[in-house]
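Beneath this line is the structure, given in structure tokens, with notes to follow.
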Amino acid sequence: MGLKEALVRLSDYVYVLKENTIIGQRVPVYFYISDRLFEHLEEDAIRQAANAGTLPGVEKAIYVMPDVHVGYGFPVGGVMAVNTQTGIISPGSIGYDINCGVRLIATNLSEERILPIRQELMQEILNKVPAGVGSRGRLKLSKEQLKEVAIKGARWAVEYGFGFEEDLMHIESSGTLPDADPDKVSNFAYERGSEELGTVGSGNHFVEIQAVDEIYDENTAQKLGISIGQVMIMVHSGSRGFGHQVCVDYLKVAKDALDKYKIHIPDMQLACMPFRSEEGQNYFKAMNCAANYAFANRQILGFITADTLRRFLGISWEELGYRVVYDLAHNIGKVERYKIDGEEKELLVHRKGATRAFPPYNPDVPPAYRDVGQPVLIPGDIGRYSFLLVGAPKSMEISFGSACHGAGRLMSRTKAKEYARKEGIEKVLSGLVVVARGKGTIMEEIPQAYKDVTEVVKVVDALGIAKLVARLKPLGTLKG
DNA sequence: ATGTAC
């Protein structure tokens with residue numbers, strides 16, 4: 001019997017894989033998924049989530065979001081919380097792209113102003129914002145400068161001239177994670193990161209000009225300063241080669257330390273080390289450096305895009321009305337406190353393809369959003385809607401303060417390319433304004449290659465993990 | 001995701 005048959009449907013959006021379904025699995029795995037998305041649930045993704053349930057110190061349950069798909073060791077869309085005293089830290093369960101995440105910037109512009117010029121505007125953004133694998137930015141930073149980036153995160157970018165002090169108040173952890181030690185990052189990571197700060201990268205990463213298309217919760221939207229027809233900028237990017245190298249380096253450290261700490265794992269991709277060990281702490285501190293690099297990266301990308309838009313229209317910053325709504329990580333490990341069976345515990349929450357979704361009045365929600373909850377940003381794929389939600393109370397009870405992160409792949413990259421070639425890329429993308437240096441990435445990232453993100457957000461909304469606020473439609477997209 | 005393969 002396959003694992004998929006072992007899943008028990010508890011309600012419309014909840015399936016469970018009971019503990020001990022696989023050997024050594026100490027906690028249940030909850031899948032937050034609709035029946036439609038269940039059809040696409042891969043056997044391997046279920047196995048990966050169950051495997052994580054065997055890791056030392058795992059608490060309560062593994063949670064899997066509706067946009068789940070197979071990842072390296074741990075599925076994308078997975079949330080795992082580990083006891084910080086007795087548990088491990090797993091680089092593969094945070095992901096190769098450390099602090100891959102999303103930033104949303106609001107403007108005062110209305111959609112009508114952009115629609116007639118969007119083709120030319122996107123060409124200009126293509127000229128000004130570096131994108132693509134191995135793309136190099138306008139900055140070339142020394143190791144010493146990168147160490148500052150690794151410590152200061154988004155603040156470094158603001159001090160360098162990319163943005164404003166107020167931006168920092170509207171970023172997860174203010175865009176600066178404190179437990180970062182740049183001496184735990186390898187020279188090779190610094191080399192790879194030296195020319196990539198302020199670049200978009202490839203894959204599903206993008207910079208997009210959007211318009212607010214539908215509002216689901218007028219009251220919350222108003223408090224967030226969001227209204228119909230408003231032009232927004234969305235940035236989806238991560239820590240580029242810098243974070244990738246940190247992950248590669250510490251996966252090796254973890255594999256080499258398995259015997260030393262007598263850790264037994266069902267899959268080498270789940271190689272991990274005790275969180276309190278020297279190796280574990282070194283990775284945590286290096287991971288936070290990479291996360292800070294990613295916060296700085298999105299700070300620069302968002303600012304350059306806004307500045308390009310502003311100059312293109314020949315208007316002032318005041319007239320543009322640039323305002324960072326929020327910026328968050330969807331690949332990260334965070335130390336947070338949760339009540340489990342009445343006992344408060346300190347946990348390392350691994351979020352891989354999952355966003356934090358803290359409810360109203362949580363102290364980590366910025367003051368401006370205190371009574372609405374933390375903004376949750378869900379990027380769509382080329383030509384697809386993106387969504388703005390806010391964290392809701394249930395997340396603290398049933399998902400370690402987490403929600404989904406996006407659509408999740410449906411077709412492999414090869415299959416997507418085949419499809420695009422067969423149908424013709426012009427037809428597949430008809431009506432959309434998409435710019436890129438090459439066609440390759442676009443072919444792999446066609447909308448048909450992804451699950452329907454609308455269905456994904458419906459699930460987290462229905463579960464009370466996050467509440468739908470607004471839908472954003474793309475006006476123009478820059479891809480890597 | 002990724003100098004898209006150590």
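Lettering of chains follows the sequences in order, A, B, ..., and the numbering in each one begins at 1.
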key: A:Phe284 six-ring centre to A:Lys184 NZ/CZ under 6.0 Å and within 45° of normal   = no
query = How long is the span from the NZ atom in A:Lys334 to the CD atom in A:Glu172, to the nearest 0.5 Å?
reply = 3.5 Å
query = Can you tell me how far P of B:dT2 sits from CG of A:Asn297, to the nearest Å?
reply = 10 Å
inquiry  = Nearest whole Å is fine: how far is B:dC6 C1' from A:Lys255 NZ?
reply    = 11 Å
task = Could you state the atom-to-atom distance from OH of A:Tyr96 to P of B:dA5 in whole Å?
result = 12 Å
note = In whole angstroms, the gap separating P of B:dT4 from OH of A:Tyr72 amounts to 17 Å
request  = For B:dT4, take OP1 and OP2 only and decide whether either is under 4.0 Å from a side-chain N or O of A:Arg413.
outcome  = no
Between P of B:dT4 and NZ of A:Lys439, the distance in whole Å = 23 Å
message = Distance check needed: B:dT4 P versus A:His205 NE2, whole Å only.
response = 16 Å
query = Distance only, no hydrogens: is a donor on one side chain within 3.5 Å (strictly under) of an acceptor on the other, for A:Glu445 and A:Tyr450?
reply = yes
ask   = Roughly, in whole Å, what's the span from CD in A:Glu196 to C1' in B:dT4?
value = 13 Å
key: A:His330-A:His236 aromatic ring centre distance below 6.0 Å   = yes
request  = Just call it for A:Gly203: base, sugar-phosphate, or nothing, with non-hydrogen atoms closer than 4.0 Å on any strand.
outcome  = sugar-phosphate
query = Just checking A:Ser239: base, sugar-phosphate only, or nothing, at a heavy-atom cut-off of under 4.0 Å?
reply = nothing
remark   = From CG of A:Leu251 across to P of B:dT2 the rounded distance in Å is 16 Å
request  = Check every strand shown and say whether A:Glu195 touches a base, only sugar-phosphate, or nothing at a heavy-atom separation below 4.0 Å.
outcome  = nothing
